[in-house]
Amino acid sequence: MTLDRPEFRPDPDLSHEEMEALQRDIADAAEFEDDLPFDPEAVALNSPVEADASGNERLGASSDAPVVVGVDQAFLEERAVSAIVAIQDGAVVERVHSVTPLSIPYIPGLLAFREGGPILAAFEELSVEPDLAIFDGSGRIHFRQAGIATHIGVMLDLPSIGVAKRLLCGEPAEPVADRPAGWSTPILADASVVDRRETTEKRAGSETTREQGVEAPEGTVIGHAYQSRQWDREQSINPLYISPGHRVSASTTVDLVDSLCAGYKLPEPTRLADRHADDAKAQYE
DNA sequence: GCGACAG
DNA sequence: ATCTTGTCGC
């Protein structure tokens with residue numbers, strides 16, 4: 001794939017201030033409304049996608065159906081194994097991975113600067129053209145509304161979605177415990193969420209222009225908690241926290257993830273990428 | 001200072 | 001994320 005916005009590359013050598021400034025630029029460039037090159041109904045799955053451990057993929061993509069890729073990573077000490085699995089018409093059409101060094105530690109809010117480069121390296125190995133990417137982590141559910149799903153989505157100008165297992169920020173509109181499969185509730189921006197880059201701070205004499213953000217309006221929906229699966233009795237499964245990455249609205253994000261789930265907690269693209277990352281990792285240890 | 005914090 | 005045993009349920 002070609003980088004639509006190479007200037008937004010998540011350089012791990014930037015200072016934290018520069019990283020946050022870049023994220024505000026990413027949020028400015030992000031589109032949190034539907035701009036999909038396909039009909040959302042066209043990605044629906046009827047059953048789990050066959051993993052096919054032998055590595056065989058359906059050949060010759062003689063289809064117009066949208067290609068959805070799942071992105072996930074596994075780690076070996078100071079290296080990241082980034083995996084991408086592409087599905088189309090309910091079948092795997094390509095699987096790639098890359099192994100790259102990691103340069104900075106995980107810092108909440110700055111995940112893209114640790115894992116973004118490695119993920120872009122994996123995208124360089126991909127030969128099919130994706131129509132939608134599902135990332136392991138947040139998109140708009142982020143302090144500056146620029147989580148890794150948004151960051152990579154904007155760089156590639158690719159519709160993207162963030163699927164996280166835990167909530168980074170924001171507040172669920174309703175309690176999320178013990179909900180039935182299919183249930184969802186909005187995640188509302190809280191005081192930790194900045195809405196857009198804002199400046200102007202004029203003082204007598206000096207005019208300081210800061211690159212800060214203003215608090216997001218209360219009630220801003222930055223994503224949803226979505227119960228993709230639930231047990232019938234005792235134990236309870238936690239919901240997924242899904243959010244728009246780029247070129248998808250919050251509500252469509254819920255519909256798409258719902259369509260891409262096939263009986264497991266994680267949507268199929270993510271589940272397959274998860275397994276592929278683990279398989280690839282095993283070859284390096 | 002305290003708490004919260006994707007992977 | 002990663003390290004792991006036990007356990008639930010189809």
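Protein chains get the first letters and strands the later ones, always in sequence-line order, with residue 1 at the start of each. Nothing here was measured: the structure is a model prediction, and the numbers come from that model.
- Comment: A:D28 does not engage A:R24 in a salt bridge, judged by the lack of any side-chain N to carboxylate O separation of less than 4.0 angstrom.
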Distances for protein N or O near nucleotides 2-6 of chain B N or O, under 3.5 Å:
{"unit_1": "B:dA6", "atom_1": "OP2", "unit_2": "A:Y106", "atom_2": "OH", "d": "2.6"}
{"unit_1": "B:dA6", "atom_1": "N7", "unit_2": "A:G109", "atom_2": "N", "d": "3.1"}
{"unit_1": "B:dA6", "atom_1": "N6", "unit_2": "A:G109", "atom_2": "O", "d": "3.1"}
{"unit_1": "B:dA6", "atom_1": "N6", "unit_2": "A:L110", "atom_2": "N", "d": "3.4"}
{"unit_1": "B:dA6", "atom_1": "N6", "unit_2": "A:L111", "atom_2": "N", "d": "3.2"}
{"unit_1": "B:dA6", "atom_1": "N6", "unit_2": "A:H142", "atom_2": "NE2", "d": "3.4"}
{"unit_1": "B:dA6", "atom_1": "N1", "unit_2": "A:I148", "atom_2": "N", "d": "3.2"}
{"unit_1": "B:dA6", "atom_1": "N3", "unit_2": "A:S138", "atom_2": "N", "d": "2.9"}

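- Looking only at distances, no side-chain donor or acceptor of A:T252 sits under 3.5 Å from a matching main-chain atom of A:S249.
- The separation between A:E77 atom CD and C:dA1 atom C1' is 14 Å, rounded to whole Å.
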Look for any protein N or O under 3.5 Å of an N or O in nucleotides 2-5 of chain C and output each such pair with its distance, or none.
{"unit_1": "C:dT2", "atom_1": "OP1", "unit_2": "A:F75", "atom_2": "N", "d": "3.3"}

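- Residues A:R275 and A:D72 are not paired through a salt bridge, judged by the lack of any N-O separation under 4.0 Å between the basic side chain and the carboxylate.
- Remark: A:Q235 engages no residue in a side-chain hydrogen bond (donor to acceptor under 3.5 Å, both in side chains) (not counting sequence neighbours).
- In terms of the salt bridge (charged side-chain N to carboxylate O under 4.0 Å, His left out) criterion, residue partners of A:D35 (sequence neighbours excluded) are, by chain and number, A:R247.
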Show me, pair by pair, the donor-acceptor contacts under 3.5 angstrom made by side chains of residues 167-181 of chain A, not counting sequence neighbours?
{"unit_1": "A:E174", "atom_1": "OE2", "unit_2": "A:T185", "atom_2": "OG1", "d": "3.0"}
{"unit_1": "A:D178", "atom_1": "OD1", "unit_2": "A:S236", "atom_2": "OG", "d": "2.9"}
{"unit_1": "A:R179", "atom_1": "NE", "unit_2": "A:P175", "atom_2": "O", "d": "3.0"}
{"unit_1": "A:R179", "atom_1": "NH2", "unit_2": "A:P175", "atom_2": "O", "d": "2.8"}

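- Stem regions annotated for DNA chain B: none, counting only runs of 3 or more consecutive pairs of Watson-Crick or G-U type with both contacts under 3.5 Å.
- Between A:D274 and A:Q235, the residue whose closest nucleotide on DNA chain C is further toward the 5' end is A:D274.
- Under a 3.5 Å cut-off, the side chain of A:K265 and the backbone N or O of A:N238 do form a donor-acceptor pair.
- Legend: residues meeting ring pair (Phe, Tyr, Trp, His ring centres under 6.0 Å) with A:H276, ordered by chain and number and at least two apart, are A:H97.
- Rounded to whole Å, the distance from CH2 on A:W231 to P on C:dG9 is 8 Å.
- For the pair A:H224 (side chain) and A:Y226 (backbone), a donor-acceptor distance under 3.5 Å is absent.
- A:S228 meets the side-chain hydrogen bond (donor to acceptor under 3.5 Å, both in side chains) test with no other residue; sequence neighbours excluded.
- Listed by first residue number, the stems of DNA chain C with at least three Watson-Crick or G-U pairs below 3.5 Å amount to none.
- For the pair A:R229 CZ and C:dG9 P, the interatomic distance rounds to 12 Å; values are reported in whole Å.
- Judged as a salt bridge (charged side-chain N to carboxylate O under 4.0 Å, His left out), and not counting sequence neighbours, A:R9 has no contacts.
- Not a single salt bridge (charged side-chain N to carboxylate O under 4.0 Å, His left out) links A:E285 to another residue, sequence neighbours left out.
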Listing, residues 108-129 of chain A side-chain donor-acceptor contacts under 3.5 Å, not counting sequence neighbours, or none:
{"unit_1": "A:R114", "atom_1": "NH1", "unit_2": "A:I104", "atom_2": "O", "d": "2.7"}
{"unit_1": "A:S127", "atom_1": "OG", "unit_2": "A:E94", "atom_2": "OE1", "d": "3.1"}
{"unit_1": "A:S127", "atom_1": "OG", "unit_2": "A:E94", "atom_2": "OE2", "d": "2.8"}

